[in-house]
Every structure is written in C-alpha cells, then in structure tokens.
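First comes the structure, then the notes that go with it.
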Amino acid sequence: MFSNKFIQQRIEKANTLREAGINPYSNDAQRNTTIEKFLNVNSDIEQMENKRDENRNYTVSGRIKFLRIMGKASFVKIEDESGMLQVYVARDNLPEGFYNNIFKKHIEVGDIIEVSGYPFVTGKGELSLHVTELKLLTKAIAPLPEKFHGITDKEVRYRKRYLDLIMNAEVRKTFQIRSRVISLTRRFFEDKGFLEVETPMMHPIPGGANAKPFVTHHNALGVDRYLRIAPELYLKRLIVGGFEAVFEINRNFRNEGMDATHNPEFTSIEFYWAYKTYKDLIAITKEYFQYLFEHLDLPTILPYGDMEVNFENFQEIPLIESLTKIGGVPEDIVRDKEKIIAYLKERNIDVNEAMNLGQLQGELFDEFVEEKLIDPTFITEYPVEISPLARRNDEHPEITERFELFIAGREIANAFSELNDPIDQYERFKGQVEAKDCGDDEAHAMDTDFVEALSYGMAPTAGQGIGIDRLVMLLTNEHSIRDVLLFPAMKPLNTEDACESEEEKEEEK
RNA sequence: GUCUCGUUAGCUCAGCUGGUAGAGCACGUCACUUUUAAUGAUGUGGCCGAUGGUUCGAAUCCAUCACGGGACACCA
C-alpha cells in the first residue's frame, strides 16, 4: 500500500516530527479568516507607505501548492477553498531552530499548514502574509502531481476526483456552478408555490420511462425491487392526492450504456402542475432560464464548443414545420410515409420500413433538424405515435400536447399535458406489455396501482422533466457528462483480489 | 456493441524502420533573506498496462485481454 519510495520518505518525515513533539495530524486548527477575506480586507496595504501593517494579525490555513526555499527565507503558496495566498517565511521570525530543522526538512508541497502573521506587499507587488507562527496541521504522505501540468489523465481525474479537485481550480468552479444550479432550481420552484417531495427510489414496478432498470432484492419482504428509472408515476399519484404543484430533484438509474451524455445514475428535476397545460410550461421554462442566468451572473450569449447560444432568443415551432423550415425537407414529403422512406433512402440513411408516419417524422427530425437547433427551441405538437405518455390535442388527435426543448443541438427538457384518462392509460400499458412479451425489454410494465390512482381522477395536469447534468454541461461548456459528475461511473480496475478468485473457484466447480 | 487512438519514473511527456531506458517537474544533498512553474550545482528513481508469440535480441513487430479517450450505433 505505501511501498512507493516517495511515500516512504514522507512517512519518515512524519515520524521524525512526532519524535520532535509535533503531531503531524494536529486537531488544533485556529484559523480566523479565509484567504479570500484576508486578501479583501488587506487590499489597502498596497497604498501604505511601507506596504505593511504589523499591527494586524491573521491566522489562515491551506494546502501548500508551491514552495520556494531561498536560504534563510522562503515563499510558500497555500490554498484554501476560497483562494491562494503567498506567505513569506523567514528564519529569524520563527523560534530558534524551527526554520532549519522543522520547516525546511519536514514540510513540503501537499501538506496542510496554518500560519499567523501580518499583511505586507512584496517587492513584486503581491499582497502576502508575513509569517510569525507556522504550524503543520496535516502531513500529506503522498506527493502531489506535477505543479505546472497538474493532472490531465482523464482516467485518473475521474477515479481520483479528490486529486483533480486539489490540482484543478476550474474543476472546483464547475461543481460550484452545479451546486448553484440545483439550489436555484429548488428556490425557483418553491417561490412559484411548488412543493418539494421525495418519492421512492426503490420501485416494485419500474415505470415512468422506457429503460432497463437496476434490480435489487429486499430480504425482509423477499421481493425484488427496481431502482427507479423515473419518478413520474409517483409524482402524478400526488397530483391525484390533491397536491397541485410538486417537484422532485433527484437521481434516476438506468441500466444502459455509458457515453459522453449518459451515466447510469443521473439527476433530473420533474415537476407537475395541476390545471395547467404544456403552454404554461413553455412560459415557466423561459422564466426559469432567465432566473438561472440572472442569479448565476452569466452572459445571455454563451459559448458551447464552437457554437454560440443566445439564451434570449427562445424559439417555438411545431415539429412538422421544423422539418421543412429548419431541416429543409420538401413540403410534399413530410406527411407521406412512402415519400419519407424514399427520401431517407436517397440519402443513405438506414430506415426501418415498418415504422409508422409519426416515427418516420421523428427520424426526419433526428436526421435533419435536431443538430441545427442552437438557440433554445421548443419543438411542439409531437406525433402521438412517439409520445405514449402525452395527452392528445382535442382538435387534432394525431398530435399531442407536448414539447421538447433543444439547446445547442441537444435535448434538454421533455414536457407535456399529462394523460389523465384511466381507461386510455390502461390500454396503453397493455400495448406496452404486449411489446415486452415480444422481446422489447425496455417496454413499460403494467402498473395497475397507478391506473387505479388515475381512476379516482387526476386534475388536468402538465408535467416536465429537465436533465440537470446536461443543463450544467451547457452552462459550464463541458462536453462530457463525467465532467459535471463528481464521481462518474467507472469500470472497476482489474485487481486480482480474493473475491475474483472465489468466483473462479465457483466456475471451476 | 463496432471502429479508432492511447497506456513508459509520483506527475507531464520523448523514445525513428527491433540492440537492453531519457527529459522536465517532484524527491535527496549543497548554496542562496523579496521569489512567482524561483535559481545554480549534484544525486536517487523504471517488471515500458497484462499475457502469449515472432526473433540471437522486444518499450518498439504480431495476437489476445484489461482499463481509458474519441467517433458511430443503441437509448431519453
């Protein structure tokens, strides 16, 4: 475990310190300000005649990131969560022997120290702390990665996120923004009168989306449980129960592939709003984005890769219209099944001829429109064939009261007026069960409990889901979901441990 | 799942068409009281991702596997 020679060296230093009566893992932290505050409060030192104020005294702490020893004096850069500070350590300001025997020999980059002293500005103009007292708080026995390049290997960054966070300030920034987004989202919906609720993460029947679930087992009840793939059906039960506006921000789990936009566990907000329609959802979504941008202090035109997204330019267009106006698909083709198939084939796009018109229109959208939707665009009026959970439009029953929001060529939200006819819902579940029996293992299972809930009457309701991870990617200009997840899912490293050899023994039997 | 690129010192990377391992940072020792990736001198450090194969000889060529990146497919 600690066989590395650098680690051995540092363990020895820690032991020497113990022998000298210094606890390398002190629990006596006394800091009275953060680095950010120190720098703010003392910004006036620059103006002073001798550029120092020995009457002020501060105690700050942080991890040593740079260490420049120059004989009888040293410059040390320490970093806490709020920022980086240069401290000046001179032999003659410390107790006899401390500088030469303790500081120079046993304190190094990576260690966490506490320093006390007064503010001053160096010859090169940097506001620093002149140390009169220095204490080791935590000895790091593992050396930090290289100080200039830091750690760039993505695998190491994801597997040892703590190292990534120590070395890369911009990574900390990304996760601070993520936290702000979640906090602001919560506040936005609370201010609108929505009630935050928590619904089960372990479902007896996986529902609310078409996806393969993770399965676990409840010993006490002797039954299998499914990690939820979506909270939808429980949130709607709450609307039945009389709550008129609910939301939940939490994890969903899907037992599927992983790539730049998919992680087996991901965070979404779903909200349901009684006596409203998808039109109201479009309005509140615009308001939500405006609220986020205001409170995150982001410019309304944001770069994303080589794109520029204007968050003040929200567009709204029905799906069929988008095919011709944005996708450039000829007008006479988009409502004709055979012509769409021919059109796709001409362009060497694989097409399943068994698809119905709605599905083919969806194909056209995916091929010719989606990637062109850079500024936020609500695509509305989805064909009913590709919207199994949405309510039909009363006047045009072939389309649904639904929209998806696209930004930077990617889907960010999915919303619709909810289906609240229990008989219709029951029939749709039955259709799904048939598909499941025919081998579609992502088809929805029958949920009679949910149908029963609907049969008591669910007020007309609109509901929406927003993928928080993808939203954060957009706001932080990150292009992999792993860069907005603190601990993304990774394959285990192949260590030939006891568990595996047991498995092998099993196989041999 | 398919294709493709990668895996060499604690970290960042060289290493050509095969001849037994290199740099910078870090670390050790020495010098240095205003440095900014401090500097100068000097030294230590490697089962070249794993396993097979080809060869007199493999970090290098071939095969398989593991892990990772990217693209595509699938999936909301």
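Just so it is clear: chains get the letters A, B, ... in the order the sequence lines come, proteins before strands, and each one is counted from 1. Treat the numbers as computed from the prediction; the structure is a model and nothing was measured.
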Identity of whatever pairs with C47(B) - Watson-Crick or G-U, under 3.5 angstrom
none
Base, sugar-phosphate or nothing for Lys212(A)? Non-hydrogen atoms, less than 4.0 Å.
nothing
If pairing requires Watson-Crick or G-U wobble contacts with both distances under 3.5 Å, which nucleotide is the partner of A38(B)?
none
Hey, can you tell me if His479(A) and Tyr304(A) have their rings parallel, tilted or perpendicular (30° and 60° cut-offs)?
parallel
Less than 4.0 Å between a side-chain N and a carboxylate O, is that true for Arg178(A) and Glu478(A)?
no
Nearest whole angstrom, please: distance from the P of A37(B) to the CD1 of Ile69(A).
17 Å
Just the atom pairs and distances: protein N or O near nucleotides 23-29 of chain B's N or O, under 3.5 Å.
from	atom 1	to	atom 2	distance (Å)
C25(B)	O3'	Lys147(A)	NZ	3.4
A26(B)	OP1	Lys147(A)	NZ	2.4
C27(B)	O2'	Gln9(A)	OE1	2.2
C27(B)	O2'	Gln9(A)	NE2	3.0
G28(B)	OP1	Lys13(A)	NZ	2.3

Taking A41(B) as the reference, what is the distance to A26(B) when you measure between their P atoms (whole Å, please)?
14 Å
Would you give me the side-chain donor-acceptor pairs under 3.5 Å for residues 93-102 of chain A, sequence neighbours excluded?
from	atom 1	to	atom 2	distance (Å)
Asn93(A)	ND2	His130(A)	NE2	3.0
Tyr99(A)	OH	Gly71(A)	O	2.9
Tyr99(A)	OH	Ala73(A)	N	3.1
Tyr99(A)	OH	Ala73(A)	O	3.2
Tyr99(A)	OH	Ser74(A)	OG	2.6
Asn101(A)	ND2	Gly97(A)	O	3.3

Please give the nucleotide sitting opposite C61(B) as a Watson-Crick or G-U wobble pair, both distances under 3.5 Å, or none.
G53(B)
Measuring only the C1' atom in each nucleotide, how far is G45(B) from U4(B)? A whole number of Å is fine.
35 Å
Anything under 3.5 Å between a protein N or O and an N or O of nucleotides 70-73 of chain B, put it in a table, one pair a line.
from	atom 1	to	atom 2	distance (Å)
G70(B)	OP2	Arg482(A)	NH1	3.4

Once you apply the 3.5 Å cut-off to both distances, tell me the Watson-Crick or G-U wobble partner of U17(B), or none.
none
By nearest atom, which of the nucleotides U12(B), G10(B), U35(B) is closest to the Asn4(A) side chain?
G10(B)
Base, sugar-phosphate, or nothing for Met167(A), non-hydrogen atoms under 4.0 angstrom?
nothing
Under 4.0 Å between a Lys/Arg side-chain N and an Asp/Glu carboxylate O for Lys345(A) and Glu353(A)?
yes
Measuring only the C1' atom in each nucleotide, how far is C25(B) from G43(B)? A whole number of Å is fine.
16 Å
Distance between the C1' atoms of U12(B) and U7(B), in whole angstroms?
14 Å
Hey, does Gln8(A) reach any base, or is it just sugar-phosphate, or nothing, if we go heavy atoms under 4.0 Å?
nothing
If pairing means Watson-Crick or G-U wobble with both distances under 3.5 Å, then the partner of A73(B) is none
What is the distance, to the nearest angstrom, from the CG atom on Asn168(A) to the C1' atom on U12(B)?
13 Å
Between Arg347(A) and Tyr343(A), is NZ or CZ placed under 6.0 angstrom from the six-membered ring centre and within 45° of the ring axis?
yes
Any carboxylate oxygen within less than 4.0 angstrom of a Lys/Arg side-chain nitrogen, looking at Arg402(A) and Glu404(A)?
yes
Measure across Glu316(A) and Thr380(A) and return the closest heavy-atom pair with its distance rounded to 0.1 Å.
CG-CG2, 4.0 Å
Side-chain donor/acceptor of Gln86(A) to base of U35(B), under 3.5 Å:
yes
Atom CD of Glu155(A) and atom C1' of G6(B) are separated, to the nearest Å, by 11 Å
Tell me what Tyr88(A) touches on the nucleic acid: a base, only sugar-phosphate, or nothing, going by heavy atoms under 4.0 Å.
base
Comparing Gly150(A) and Ala90(A) on RNA chain B - which has the more 5′ nearest nucleotide
Gly150(A)
Interatomic distance, Asn100(A) CG vs C32(B) P [rounded to whole Å]:
10 Å
Nucleotide paired to C67(B) in any strand shown, Watson-Crick or G-U, under 3.5 Å:
G6(B)
In terms of relative ring orientation, are Phe38(A) and Tyr58(A) parallel, tilted or perpendicular, with 30° and 60° separating the classes?
perpendicular
Using whole Å, report how far CD of Glu404(A) lies from C1' of C75(B).
13 Å
Identified pairing partner of G24(B), criterion: Watson-Crick or G-U wobble below 3.5 Å:
C11(B)
CG of Asn93(A) versus C1' of U33(B): gap in Å, rounded?
10 Å
Which value, in whole Å, describes the distance between the C1' atoms of nucleotides U17(B) and U64(B)?
26 Å
Touch check for Ile7(A), heavy atoms < 4.0 angstrom, all strands: base, sugar-phosphate only, or nothing?
nothing
Specify the separation, in whole Å, of atom NZ of Lys65(A) and atom P of A38(B).
12 Å
Give a yes/no on whether any side-chain N or O of Lys124(A) is located under 4.0 angstrom from OP1 or OP2 of U34(B).
no
So what does Gly465(A) touch, heavy atoms closer than 4.0 Å: a base, only the sugar-phosphate, or nothing?
nothing
Say we look at C5(B) and G53(B): how far apart would their C1' atoms be, to the nearest angstrom?
24 Å
Under 4.0 Å, heavy atoms only, any strand: does Phe266(A) hit a base, just the sugar-phosphate, or nothing?
nothing
When the C1' atoms of U34(B) and G24(B) are compared, how many Å lie between them, rounded to an integer?
26 Å
What I want to find out is whether Arg428(A) reaches Asp424(A) closely enough, with some N-O distance under 4.0 Å, to be called a salt bridge.
yes
Between Phe378(A) and Phe314(A), how do the two ring planes meet: parallel, tilted or perpendicular, split at 30° and 60°?
parallel
Can a salt bridge be assigned to the pair Lys212(A) and Glu256(A) using a cut-off of 4.0 Å between side-chain N and carboxylate O?
no
Is Arg56(A) salt-bridged to Asp44(A), going by a charged N under 4.0 Å from an acidic O?
yes
Phosphate OP1/OP2 of A38(B) contacted by Arg68(A) side-chain N/O (<4.0 Å):
yes
Assess whether one donor atom and one acceptor atom, taken from the side chain of Thr152(A) and the base of U12(B), lie less than 3.5 Å apart.
no
For the pair made of NZ in Lys72(A) and P in U35(B), what is the distance, rounded to whole Å?
16 Å
On a heavy-atom basis, the closest approach of Ala14(A) and Pro24(A) is O-CG, 3.9 Å
Separation of the P atoms in C3(B) and U8(B), to the nearest angstrom:
24 Å
